[in-house]
Protein chains: 2
Amino acid sequence: MARVQAERADAVLALATTFRLHGYEGTSLTAITAQTGLGKGSLYHFFPGGKEDMARAVLDEVGDWFRREVYEPLRADGPADQRLAAMFTAVETYFASRHLVCLFAAFALGQERDRFAAVIAAYFSEWLDALETATGDRELAADTVATLQGALILARALNDPALFPATAARAQSRAQTRARARAHPPLSS
Amino acid sequence: MARVQAERADAVLALATTFRLHGYEGTSLTAITAQTGLGKGSLYHFFPGGKEDMARAVLDEVGDWFRREVYEPLRADGPADQRLAAMFTAVETYFASRHLVCLFAAFALGQERDRFAAVIAAYFSEWLDALETATGDRELAADTVATLQGALILARALNDPALFPATAARAQSRAQTRARARAHPPLSS
DNA sequence: AGATGGCTGTACCGAACGGTACAGCCATCC
DNA sequence: GGATGGCTGTACCGTTCGGTACAGCCATCT
């Protein structure tokens, strides 16, 4: 029993890499068997729904990770500066070891968006909500997430990994400055 | 003779829509024949290199458009405010009628990135260079392009088309403000 | 030791894939 | 009114696709 869940979880980790590198359409079952080391029989035992089932498991796993490591800290107690810093640290280390690809962004661009529309929208709107909770500014939240996502694309497109943390750092100080200004408004406002 | 080029150009336009909606891997020759109204024979007459040749023609066409309508105005004479405004107007109207998908971003995320790496990198680095020329600030250029690209993803993911122009408008005023500050630095700096 | 059942590899399926070959249509030009 | 050649539809190629069927291995439990 424990063996089952452990190996399925391992498979999900390997699947995440494959889907990240090749996208949904571009991921073939052959590539999956190579990456996971599992035969088709095992795959369809763990994921009766086939490829879509596998992708959904990966999206769920990633979504849970962000919920736990990114969104919750944003809603925690403490100064906004600290909560924002926690988010940026988590996000930067996450994508640095994930080939600078956000799975949800990749799925949002292709035709697979319709198939996974609900879970994709949930991922981003939860992120926006948590950031709005931390900063009190919905527009700032949108600008921040957009900058991060765009920086991932730029870093991939220019094949310049350092561009992501550099852009993220500027977005962080901008967000912290504006959140601070909002918490302690100047007299003129 | 004129007939040839005209029909190939028409095919490229139809191809752009197909690749935008389905990505490179997700675009089948069957879908292409349906969208363009051309049989495989005609397609392989116009594009001897097959699917990759078709995609490359589309990327070239889009790249030329941006070079002409976006990058050149950024390098033109006149106040930075005006050049930036021209860029944002062109970009917003462009993507609004293109399903809010940047073809180069979509290709940068998938496995097709390697195949088209050079032309993808050229598209973004030319954009950054032109923006740096207009604002004198490389980091501002990166932040601006990243915000625009991220806003496209957010708008697609949340299925909220209005999010793109709203985010773009904030990025525009931010860029104009900072470019203005750079041109007329305050005494403290 | 024997039975159970979760798990696995392999062979295979029909469909669709990207790509090729080629006969012929039909507007142009002499 | 031929002859030319750009262009087109169609049949077909080998390969790979996602998915299924199933026999059997082997750790567990009695």
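Proteins come first, then strands; the chains are lettered A, B, ... in the order of their sequence lines, and each starts at number 1.
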Q: Using the side chain to side chain contact (heavy atoms under 4.5 Å, CB included) rule, take B/Q172 and B/T147 through it: C-alpha gap first, then chi angles, then the decisive distance, then the call.
A: CA-CA 10 Å; B/Q172 176 175 353; B/T147 304; over 6 Å; no

To the nearest angstrom, how far is [X] atom [atom1] from [N] atom [atom2]?
| X | N | atom1 | atom2 | answer |
| --- | --- | --- | --- | --- |
| A/F19 | D/dG18 | CZ | C1' | 12 Å |
| A/I32 | D/dC17 | CD1 | P | 10 Å |
| B/H45 | C/dC22 | NE2 | P | 18 Å |

Collect all protein-nucleotide pairs involving nucleotides 18-21 of chain C in which both atoms are nitrogen or oxygen and the distance is under 3.5 Å.
from	atom 1	to	atom 2	distance (Å)
C/dG18	OP1	B/T27	O	2.9
C/dG18	OP1	B/K51	NZ	2.9
C/dG18	OP2	B/L29	N	2.6
C/dG19	OP2	B/Y44	OH	2.8
C/dG19	OP2	B/K51	N	3.0
C/dG19	O5'	B/Y44	OH	3.0
C/dG19	N7	B/K40	NZ	3.3
C/dG19	O6	B/K40	NZ	2.3

Q.
Can you list everything that forms a ring pair (Phe, Tyr, Trp, His ring centres under 6.0 Å) with A/F116? Sequence neighbours excluded, please.
A.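 Scan of A/F116 (ring pair (Phe, Tyr, Trp, His ring centres under 6.0 Å), adjacent residues dropped) gives A/Y24, A/F107.
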
Q: Could you walk me through whether A/R67 and A/E126 pass salt bridge (charged side-chain N to carboxylate O under 4.0 Å, His left out), step by step?
A: CA-CA 8 Å; A/R67 223 159 276 131; A/E126 282 182 53; 2.7 Å; yes

Q.
Ring of B/Y94, cation from B/R98 - is the NZ or CZ under 6.0 Å from the centre and inside 45° of the axis?
A.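 Here B/R98 passes the 6.0 Å and 45° test against B/Y94.
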
Q: Considering only NZ, NE, NH1 and NH2 on the basic side and carboxylate oxygens on the acidic side, decide whether A/D129 and A/R138 come within less than 4.0 Å.
A: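 So A/D129 pairs with A/R138 through a salt bridge.
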
Q) Aromatic rings A/Y71 and A/W127: how do their planes relate, parallel, tilted or perpendicular, breaks at 30° and 60°? A)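 It falls in the tilted class, 30° to 60°.
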
**Q.** C/dA23 pairs with, by Watson-Crick or G-U criteria that keep both distances under 3.5 Å
**A.**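 D/dT8 - that is the nucleotide pairing with C/dA23, both distances being under 3.5 Å.
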
